[in-house]
Amino acid sequence: MSDTASTPRVRFAPSPTGYLHVGGARTALFNWLFARHFGGTLILRIEDTDFERSSEEMVEGILEGMLWIGLNWDEGPFYQSKRLDLYRETAAKLLASGHAYYCFCTKEELEQRRAEAVAAGRPPMFNRRCRRIDPAVAADRKAAGESCAVRFAVPEDGGATSFDDAVFGKVEFANAEIEDFVLLRSDGIPTYHLSVVADDIDMRLTHIIRGADHISNTPKQVLQYRALGAPMPVFAHVPLILGPDKTRLSKRHGATSVIAYKEMGIVPEAFRNFLALLGWTPGAAGKDADGKDRELFGSEELTRLFSLDGISKSNAVFDNDKLAWFNTEYIRAYDAAKLLPLIEEEWTKAELTPNRTHDEVIATIDLVKPRARNLKDFAIAFRAYFSDDFTYDPAAVTKFLKDDAVRAMLVELVARYESATEFTEASTEQILRAFAEEKGVKAGALINGARVALTGQAVAPSLFAVMVNLGKDRVVKRLTATAAITVPAVSS
RNA sequence: GGCGCCAUGGUGUAAUUGGUUAACACGCCGCCCUCUCAAGGCGGAGAGUUCGGGUUCGAUCCCCGAUGGCGCUACCA
């Protein structure tokens, strides 16, 4: 690590060939946490040198994903496609110092040789044929217009290249295993190997925190740092996130794009908290007074606690159940006012317009949120609290309103409420229980039936709290309507 | 195939870096509460630390091997 840098400079460098996926989001989060912890700088760099697969639309999707989980950046976004000169200059330096050379092999030749090697059971590595061409001759051929790529000359000294990874420790590769990789393609566009190093040096990065899938690429980069005489950054590779079957997380396992979780009704802070704990633990600092591990960490606490030391080496499985748990915890902890804008998005999507006053809406969110697992609940299961436009859950009707006698009694109950002078939790309960006693039925039967009549659901908060929340008029109306509710025909 | 990395209940992780009845959280099961369902409270099942060898008085922890998983193996990133 360079001692001229007092604070770390890190980067998140996605390739815009897809949306921000959960692995990328976690890498971004770790970089962000690391930068914020040390008061360092986070740079956002778009690695779009694969013109075929990159698109501006994907860049927007990635930024949207980052912003959603609350990540910002200090510099950038920088686009590699706009920094081509830097890469060409870097390649020229390497060429000049003898660390790189022109390769005139065509793609077809390369493919053919690779196929032959595989068929013969030999490693399909580039055979370094063009490395033996005299540099002067190569320069002439290039000047004459012959198409060529630039390759890095990996030391043929029988030695090894290693680096000290902040999470994995010392990792070493025999130089004989590293092929003379392409730096500059024949069309003058750099490959990833060149552009990362050129940019990481140019942007004076001190720590490279990225997915463990880059471990095998690292020696190629270390070699370039040395050839360029640049200070070596600290490498920290983060284990990958796997699906429930322990294979690489993919669409097969459900949502892989971060934004999909937003669309599923996940609260951003819950997602961020969940992600932070995949492959990282605060260790002893994350235990409570009883020595139990804590799981719920807000943004500030996460950045205070974050450290490279807490990153584990083994891959982690993405567990939807745990995410769901985080989500309910966060929804319950949010105040109604903070929840409201998120819920309004869901209402818009569900084409629901609440016909209640703002204060009523806030009070209702508080009433209902202890039972919410997901933002979607506010638009679906809890719909009857916010709008008169709701439906009855057939299963709930079958369970509690199947009995005609119960339905008739609920309708009869209406008169009692209409003539009541007050309408509080205590009074509504008292009226119902007295009525049940008169009729010789269990209060529970009427309560459960009324719940379905009032909310359309079998699941709800305390019935009398619901009554007060809805208000006398709605209660009267909905109870009266009980008679018209159709009981689903019992099949089988 | 070659190279690299990893390996603690179903999942995420702990275990004063050799000495614990292997801990916590999620999930699961049961009980309590009760007008339903969550929540909450209480209790439970579930790993002897992938397997096999070592080193040691003693290994989850150190070493070797095997197995398994993952990653890389492009003029993709």
Side-chain angles (χ1 to χ4, degrees), chain A residues 13-17 47-50 52-54 80 103 105-107 110-111 114 118 121-126 147-151 165 168 171-174 176-179 181-187 189-193 195-196 211-219 237 239-240 242 244 246-248 274 277-281 283-284 286-288 290-296 310 312-326 328 332 370-373 381 396 399-400 429 432-433 442-452 455 457-464:
Chain A
S15 173
T17 54
E47 309 217 323
D48 57 349
T49 51
D50 183 344
E52 307 279 294
R53 300 194 300 148
S54 301
Q80 290 193 320
C103 175
C105 299
T106 65
K107 203 164 183 172
L110 258 16
E111 271 163 25
R114 178 171 303 116
V118 170
R122 281 179 285 118
M125 267 173 63
F126 175 63
S147 170
C148 64
V150 175
R151 285 183 185 267
D165 193 278
F168 288 96
V171 182
E172 186 174 72
F173 291 81
E177 297 294 334
I178 306 169
E179 77 174 342
F181 52 97
V182 171
L183 294 167
L184 219 48
R185 303 193 263 243
S186 48
D187 61 2
I189 304 302
T191 62
Y192 164 76
H193 300 300
S195 56
V196 247
D213 48 342
H214 284 290
I215 288 180
S216 318
N217 289 326
T218 307
H237 288 96
L240 303 179
L242 309 178
K246 301 202 173 187
T247 62
R248 193 181 188 136
F274 169 68
L277 260 20
L278 265 189
W280 172 78
T281 29
K287 293 186 189 298
D288 65 16
D290 299 328
K292 296 186 176 186
D293 291 342
R294 292 179 47 226
E295 305 274 330
L296 266 10
S312 58
K313 298 182 191 175
S314 48
N315 294 341
V317 172
F318 189 96
D319 181 3
N320 275 301
D321 286 337
K322 188 127 188 195
L323 206 212
W325 175 77
F326 274 109
T328 68
R332 272 203 294 161
R371 257 150 268 256
R373 295 217 98 201
K399 190 170 179 191
F400 294 124
E429 176 159 12
L432 185 141
R433 288 192 187 277
K442 287 174 70 178
L446 293 182
I447 289 172
N448 288 329
R451 183 185 345 269
V452 178
T455 69
Q457 301 289 130
V459 172
S462 163
L463 177 69
F464 306 105

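The chains referred to below are lettered A, B, ... by the order of the sequence lines, with proteins before strands, and numbering in each begins at 1. Here the structure is a predicted model, which means the values were calculated and not measured.
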Check: Which part of the nucleic acid, if any, lies within contact of Gln457(A), taking any heavy atom under 4.0 Å across all strands shown: a base, the sugar-phosphate backbone alone, or nothing?
Finding: nothing
Checklist line | N/O donor-acceptor pair, side chain Ser216(A) with base rC3(B), under 3.5 angstrom | finding: no
Note to self: Between rC26(B) and rG68(B), how far apart are the two P atoms, rounded to whole Å?
What the structure shows: 35 Å
Note to self: Can you measure Ile189(A) atom CD1 to rA74(B) atom C1' for me and round it to whole angstrom units?
What the structure shows: 16 Å
Notebook entry, point to check: Using atom C1' of each nucleotide, how far apart are rU17(B) and rU60(B) to the nearest Å?
Noted result: 12 Å
Checklist line | Pairwise C1' distance, rA39(B) and rC32(B) [rounded to whole Å] | finding: 14 Å
Next item on the list: For rG41(B) versus rG27(B), give the span between their P atoms, rounded off to a whole number of Å.
Entry: 13 Å
Check: NA contact type, His237(A), heavy-atom cut-off 4.0 Å: base, sugar-phosphate, or nothing?
Finding: nothing
Notebook entry, point to check: Just checking Thr17(A): base, sugar-phosphate only, or nothing, at a heavy-atom cut-off of under 4.0 Å?
Noted result: nothing
Item checked: Sugar-phosphate, base or nothing in reach of Leu463(A), heavy atoms under 4.0 Å -> base
Next item on the list: Can you tell me the distance, in whole Å, between the CZ atom of Phe318(A) and the P atom of rG12(B)?
Entry: 12 Å
Checklist line | Length of the CG-C1' vector between Leu432(A) and rU36(B), whole Å | finding: 14 Å
Next item on the list: Starting from the C-alpha separation in whole Å, work towards a yes-or-no answer on ring-ring contact (aromatic ring centres under 6.0 Å, His included) for Phe181(A) and Phe126(A).
Entry: CA-CA 8 Å; Phe181(A) 52 97; Phe126(A) 175 63; over 10 Å; no
Next item on the list: Look at all strands and tell whether Glu177(A) reaches a base, only sugar-phosphate, or nothing, counting heavy atoms closer than 4.0 Å.
Entry: sugar-phosphate
Notebook entry, point to check: Is there a donor N/O on one and an acceptor N/O on the other, under 3.5 Å, for the side chain of Arg248(A) and the base of rC70(B)?
Noted result: no
Item checked: Whole-angstrom distance between rA14(B) and rG44(B), as gauged at atom P -> 26 Å
Margin query: I'd like the P distance from rU16(B) over to rG10(B), given in whole Å.
Written below: 23 Å
Note to self: Regarding Cys105(A), tell me which of base, sugar-phosphate or nothing describes its non-hydrogen contacts under 4.0 Å with the strands shown.
What the structure shows: base
Check: Taking the P atom of each, how far is rC33(B) from rA22(B), in whole Å?
Finding: 35 Å
Notebook entry, point to check: When we call it a touch if two heavy atoms are under 4.0 Å apart, what does Pro239(A) touch: a base, just sugar-phosphate, or nothing?
Noted result: nothing
Notebook entry, point to check: P atom, rC3(B) versus rU49(B): distance in rounded Å?
Noted result: 30 Å
Notebook entry, point to check: How would you label the contact of Ser312(A) with the nucleic acid (heavy atoms, under 4.0 Å): base, sugar-phosphate, or nothing?
Noted result: sugar-phosphate
Next item on the list: In whole angstrom, give the distance that lies between atom CZ of Phe274(A) and atom P of rG12(B).
Entry: 10 Å
Note to self: Using a heavy-atom cut-off of 4.0 Å across all strands, would you classify Glu52(A) as base, sugar-phosphate, or nothing?
What the structure shows: nothing
Margin query: Classify Ala316(A) by what it touches in the nucleic acid, base, sugar-phosphate, or nothing, heavy-atom distance under 4.0 Å.
Written below: sugar-phosphate
Note to self: What's Arg294(A) touching, base or sugar-phosphate or nothing? Going by heavy atoms closer than 4.0 Å.
What the structure shows: nothing
Next item on the list: Mind checking Ser314(A) for me? I need base, sugar-phosphate or nothing, with any heavy atom below 4.0 Å counting as a touch.
Entry: sugar-phosphate
Next item on the list: Report which part of the nucleic acid Gly211(A) touches: base, sugar-phosphate, or nothing (heavy-atom distance under 4.0 Å, all strands).
Entry: nothing
Next item on the list: Using a 4.0 Å heavy-atom cut-off across all strands, classify Arg53(A) as base, sugar-phosphate, or nothing.
Entry: base
